Colleague: 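Here it is, the structure, as structure tokens.
All chains are named by letter (A, B, ...) in the order of the sequence lines, taking the proteins before the strands, and each is independently numbered beginning at 1. Everything quoted here is computed from the prediction, not taken from an experiment.
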Amino acid sequence: MEDDLISKKQLLDLTGISYGQLYRWKRKQLIPEEWFIRKSTFTGQETFFPKEMILSRIHNIVNMKDGLSLDEMADKLSDKASFEKVSITAKEIVERNIVSTTTLRKFGESLGDENKYTFEGLVHLFAVDRLLSAGEMSMEEAELLFRTLQEKVSRLENGSWELFFVRKMGVSSFILAQAPAELWFDEGVRLVSKMTYADLIEQLKGKLAYKLVE
Amino acid sequence: MDKHQLPDLIINGVSGGAGGTYNNVNMDGVGKVVGPIVARMFKGNGHMNLNDDLAAEEAECNGVIKVMGNLSFCTLKVDGVLNVGKSFRGESCTLNGMVSIKGDCELEDFVGEGSFNVGGLLSAGHVDFKLQSQAKANEIGVESLVIRQVNNGFWSKMFSGIIPKLRPELCARTIEGDFIDVEYTTADIIRGNIVIIGPGCTLGQVEYREQITVHPEAKVGKVEKVGE
């Protein structure tokens with residue numbers, strides 16, 4: 001768990017924002033209360049954040065800041081619906097470097113109309129692309145994953161999921177679970193990668209934020 | 001629904017009322033309200049007891065007011081004592097007296113004289129406060145914070161020596177902000193960009209990014225420059 005968290009001080013050093021901005025964004029509900037995780041350390045109590053989510057959220061805020069007021073931004077960021085309406089063309093995906101061309105060429109067609117990818121479809125594409133480009137997954141496995149996501153995600157109740165990619169004795173499998181999930185494996189199992197839906201959409205939001213500002 | 005069609009709640013003398021959505025709420029004397037109130041304008045004079053939430057665009061409290069639930073407002077003026085059971089949220093607050101909040105306090109502008117007591121986080125854009133007795137907050141996170149001690153006379157100096165609660169000082173565990181200018185403050189840690197520490201401070205640790213000034217009469221444990 002420790003790797004997934006970032007302390008407040010590290011966050012400020014990394015992003016170059018100030019305490020005032022952080023508290024202001026929290027007051028405006030640009031950063032959800034649940035992300036402020038309090039833990040005691042040897043210097044007293046410190047505040048931690050879920051690393052990937054907070055970094056991409058701050059990136060989003062900084063990029064959107066010029067076009068919108070803070071209140072408008074809070075509406076947009078918290079409102080997943082505005083992103084769900086977004087549709088994007090294959091050309092834009094390549095131009096904006098959202099998903100690599102290899103992945104797009106292989107799986108793009110099965111998502112339907114080339115000029116109108118939905119947000120949900122893009123999330124699946126993005127998930128596959130992340131594992132592929134990290135070199136953690138072979139092409140055959142990618143196909144399996146993509147098919148699993150396309151077929152099974154809609155069956156999950158609240159639409160929020162976590163994906164576990166495990167290998168044992170060279171055999172790989174994907175486990176899709178309702179978030180938040182905690183799984184325990186036996187010794188022979190290696191957890192290659194874990195992805196959460198919340199993380200993925202947070203990162204995608206950042207890449208698609210330009211669509212909303214236009 | 002049009003705003004002017006809403007009813008008013010007026011309490012004079014010793015009486016009670018029910019919560020609801022009102023245009024004006026005027027309470028003079030001793031009043032008690034059961035249920036949450038939403039009002040455009042809230043005015044309380046005397047001794048008020050609200051056992052639930054209060055949301056008002058404009059609020060004015062003179063006397064002793066107790067709100068058991070959340071208090072949210074656009075502008076608030078307090079002369080006297082205000083007690084809030086849960087959170088305290090609003091744009092600007094002018095305080096003359098004492099306010100005590102059990103939960104978190106979120107404000108853009110906080111100006112006043114007297115003392116405050118915040119159980120959770122005091123998060124504000126700008127705080128400009130003159131202390132008359134002991135103020136407390138668990139955590140403070142602000143853009144700018146200016147704390148001053150009121151120049152008090154002979155008698156209050158004498159009493160504050162006997163009763164520690166009357167000593168004008170600020171106690172907090174952590175203070176974080178862009179611009180921090182404090183005096184007579186006790187804190188475990190202060191983190192800020194520009195930090196000015198005045199007389200009478202007792203601080204465990206100070207972390208700053210750009211600039212620091214420490215008064216010779218302040219006791220500071222460790223000063224550290226962070227960043228870069």
Colleague: When rounded to the nearest 0.5 angstrom, what is the spacing between NZ in A:Lys9 and CD in B:Glu207?
Modeller: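 Separation between the atoms: 4.0 Å.
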Colleague: Are any of the side-chain nitrogens in A:Asp13 or B:Arg209 under 4.0 Å away from the carboxylate oxygens of its partner?
Modeller: yes
Colleague: If we only count heavy atoms from C-beta on, is the B:Glu139 to A:Arg38 side-chain gap below 4.5 Å?
Modeller: yes
Colleague: State which residues pass ring-ring contact (aromatic ring centres under 6.0 Å, His included) with B:Phe73; sequence neighbours excluded, sorted by chain then number.
Modeller: B:Phe88
Colleague: Can you check whether anything in residues 120-131 of chain B gets within less than 4.5 Å of chain A, heavy-atom wise, and list it by number?
Modeller: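 So the qualifying residues are B:Leu121, B:Ser123, B:Ala124, B:Gly125.
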Colleague: Any chance NZ of A:Lys26 has more than 12 other-residue heavy atoms, nucleotides or ligands included, within less than 6.0 Å?
Modeller: yes
Colleague: Would you check if B:Thr174 and A:Glu46 make a side-chain contact, meaning some heavy-atom pair closer than 4.5 Å?
Modeller: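 They are not in side-chain contact.
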Colleague: Counting heavy atoms not belonging to A:Met53, are there more than 12 under 6.0 Å from its CE?
Modeller: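 More than 12 heavy atoms, drawn from other residues, nucleotides or ligands, come within 6.0 Å of this atom.
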Colleague: Just by distance, with hydrogens left out, do B:Asn193 and A:Ser18 show a side-chain donor and acceptor under 3.5 Å apart?
Modeller: no
Colleague: Distance from B:Leu145 atom CG to A:Tyr19 atom OH, nearest 0.5 Å?
Modeller: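 Separation between the atoms: 14.5 Å.
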Colleague: Any chance you could measure B:Glu176, atom CD, to A:Lys8, atom NZ, to the nearest 0.5 Å?
Modeller: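 It is 3.5 Å, given to the nearest 0.5 Å.
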Colleague: Going by the side-chain hydrogen bond (donor to acceptor under 3.5 Å, both in side chains) test, which pairs reach into residues 76-85 of chain B, not counting sequence neighbours?
Modeller: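 As it turns out, the side-chain hydrogen bond (donor to acceptor under 3.5 Å, both in side chains) pairs with a partner in residues 76-85 of chain B, which skip direct neighbours, are B:Asn83-B:Ser100.
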Colleague: Quick one: side-chain hydrogen bond (donor to acceptor under 3.5 Å, both in side chains) pairs with a partner in residues 213-224 of chain B, sequence neighbours left out?
Modeller: B:Gln205-B:Glu224
Colleague: Please give me the minimum heavy-atom distance between A:Gln21 and B:Asp178, naming the atom from each residue.
Modeller: N-OD2, 4.3 Å
Colleague: For chain A, find which of B:Gly192, B:Gly141, B:Gly204, B:Ser144 contributes the most heavy-atom pairs closer than 4.5 angstrom.
Modeller: B:Gly141
Colleague: Rounded to the nearest 0.5 Å, what separates atom CD in B:Glu143 from atom CZ in A:Arg27?
Modeller: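 So the gap between those two atoms works out to 5.5 Å.
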